[in-house]
Amino acid sequence: MRPLRRIIGWLVTLAVMSFAGLAVFALSRGRPQDLPWAPLDLSQPAGLFTGRKIAALGDDIAACGAQLNRAGVRHTVLPAVRDGQCGYANAVRLSPGGARQVALAPTAVGLSCPVAAGLSLWEWDVVQPAARRYFGQRVASLDHYGSYSCRRIYGRNTGDLSEHASANALDVAGFRLEDGTRITVLGDWKDTGDKGKFLRAVRTGACNVFATVLSPDYNAAHRDHLHLDQADRGTAGWRACR
């Protein structure tokens, strides 16, 4: 028993030291958002645990809606939908104006509130900075293939339900710049110039605010879109970025 107690003691000490080191590191940089216990604040740049905190909002539409309101994200709460095993009770529709500048096309799409929160932070932290860096202008709109779809993963007849089955995902097809230039995942992913670099930058940056990010680098099923979802796998849960 003594060796076991000694091992447990060392593990507890190591965990305490790790958390203390993380706290010192984050606070010394003036980035409390890097701490797992710090409250979520969408007005701050994404931290090490921001994506997990957003996903953890889950079905708490009140808490998630309050986060959107504080960040100036205009939205409308949608009625709950029940469709067999599918459906949602936490969906919103993003409205024009407010802190967000990127329009969605089509506009009338319902998203789980955590996806809407991640989409907003992605726009501010990743998409617009990348657009200015590579094109010297901002993104005006985002083209997508939709969110809610009552189906299983990859549309199979068996297996787990897709995050789309609860509106907890969005498939992004491309972007339109202010001057009308289009950048599409299908047409520009393999581009070696600025369009391809932009798409990879926004894919990689999305991994900081979404639980799952799948691109054409993952498989052929994603050759024409970026799949973004907020699957809640817990604070220490795994995150997919491919």
Side-chain angles (χ1 to χ4, degrees), residues 22-23 26-27 29-81 87-104 107-129 138-139 142 144 146-148 163-172 202 205-213 226-237 239-241:
L22 178 61
L27 296 177
R29 299 171 65 210
R31 288 177 56 87
Q33 64 268 38
D34 286 335
L35 298 172
W37 55 82
L40 174 64
D41 184 351
L42 295 178
S43 69
Q44 296 295 318
L48 296 176
F49 294 88
T50 298
R52 291 178 172 85
K53 293 171 187 176
I54 293 175
L57 291 170
D59 291 330
D60 193 342
I61 187 64
C64 186
Q67 289 285 347
L68 294 183
N69 287 333
R70 282 195 291 271
V73 178
R74 295 181 183 175
H75 65 283
T76 301
V77 177
L78 300 179
V81 167
Y88 52 80
N90 67 336
V92 301
R93 179 169 292 138
L94 294 171
S95 306
R100 295 186 64 257
Q101 294 182 313
V102 174
L104 297 179
T107 58
V109 58
L111 307 163
S112 76
C113 190
V115 169
L119 201 64
S120 301
L121 197 53
W122 186 47
E123 173 190 335
W124 303 326
D125 275 15
V126 180
V127 174
Q128 297 295 24
R138 71 179 184 86
V139 168
L142 180 155
H144 65 86
S147 176
Y148 178 70
E163 292 297 318
H164 284 285
S166 56
N168 202 32
L170 182 71
D171 288 341
V172 175
V202 299
C207 300
N208 294 325
V209 294
F210 289 98
T212 309
V213 179
L226 303 178
H227 169 93
L228 313 175
D229 77 41
Q230 293 291 25
D232 184 6
R233 305 184 183 102
T235 303
R239 303 176 69 75
C241 181

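The analysis underlying the following values was restricted to heavy atoms, covering all of them including side chains, and did not include hydrogens, waters or symmetry mates. Owing to the predicted nature of the structure, the values given are computational and were not obtained by experimental measurement.
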**Item:** Nearest heavy atoms of A169 and H227, plus distance in Å
**Value:** CB-CE1, 3.6 Å
**Prompt:** So, do V127 and R138 sit near enough that their side-chain heavy atoms are less than 4.5 Å apart?
**Reply:** no
**Request:** Evaluate side-chain hydrogen bond (donor to acceptor under 3.5 Å, both in side chains) for D171 paired with H144, printing each intermediate quantity in order.
**Result:** CA-CA 6 Å; D171 288 341; H144 65 86; over 6 Å; no
**Asked** Do the non-hydrogen side-chain atoms of V213 and W122 ever get within less than 4.5 Å of each other?
**Response** no
**Request:** Over all heavy atoms of both residues, which pair between A206 and L228 is shortest? Give the atoms and the distance, please.
**Result:** CB-CD2, 4.0 Å
**Message:** Any heavy-atom pair between the side chains of L42 and R70 that's under 4.5 Å?
**Reply:** no
**Complete:** Taken to the nearest 0.5 Å, the spacing of L94 CG from S120 OG works out to 5.5 Å
**Message:** Please report the interatomic distance OG(S166) to CG(N90), rounded to the nearest 0.5 Å.
**Reply:** 7.5 Å
**Asked** Is D34 reaching over with its side chain to a backbone N or O of L48, donor-acceptor style, under 3.5 angstrom?
**Response** yes
**Message:** Determine whether E163 and T212 satisfy the following criterion, side-chain contact (heavy atoms from CB on, under 4.5 Å), listing intermediate values before the conclusion.
**Reply:** CA-CA 10 Å; E163 292 297 318; T212 309; 5.9 Å; no
**Complete:** All heavy atoms of A117 vs all of I54, minimum pair found to be CB-CG2, 4.0 Å
**Message:** Determine whether a donor-acceptor pair (N or O, by modelled atom type, separation under 3.5 Å) exists between the side chain of T107 and the backbone of L104.
**Reply:** no
**Request:** Kindly indicate whether the side chain of F210, heavy atoms from C-beta on, has any atom under 4.5 Å from the side chain of Q230.
**Result:** yes
**Request:** Please examine the side chains of L170 and L119, heavy atoms only from C-beta on, and report whether any two atoms are closer than 4.5 Å.
**Result:** yes
**Prompt:** Counting N and O atoms only, with roles assigned by atom type, does the side chain of Q128 sit under 3.5 Å from a partner on the main chain of V139, one being a donor and the other an acceptor?
**Reply:** yes
**Prompt:** Do the side chain of N208 and the main chain of T50 share a donor and acceptor less than 3.5 angstrom apart?
**Reply:** no
**Request:** List the atom of A99, the atom of A71, and the distance in Å for their closest heavy-atom pair.
**Result:** CB-O, 3.2 Å
**Prompt:** How many angstroms lie between NE2 in H164 and OH in Y88, if you round to the nearest 0.5 Å?
**Reply:** 14.0 Å
**Request:** Determine yes or no for a side-chain-to-main-chain donor-acceptor pair under 3.5 angstrom, with R93 supplying the side chain and L78 the backbone.
**Result:** no
**Asked** Rounded to the nearest 0.5 Å, how far does CD of Q101 lie from CH2 of W124?
**Response** 10.5 Å
**Complete:** Closest non-hydrogen atoms of V109 and S147, given as atom of the first, atom of the second and distance, are CG2-CB, 3.9 Å
**Prompt:** Looking at side-chain heavy atoms only, is the closest gap between V115 and N168 below 4.5 Å?
**Reply:** yes
**Within-4.5 Å side-chain heavy-atom neighbours: V202 and V172** = no
**Request:** State, to 0.1 Å, how close D41 and Q67 come at their nearest heavy-atom pair, and which atoms those are.
**Result:** CA-OE1, 4.2 Å
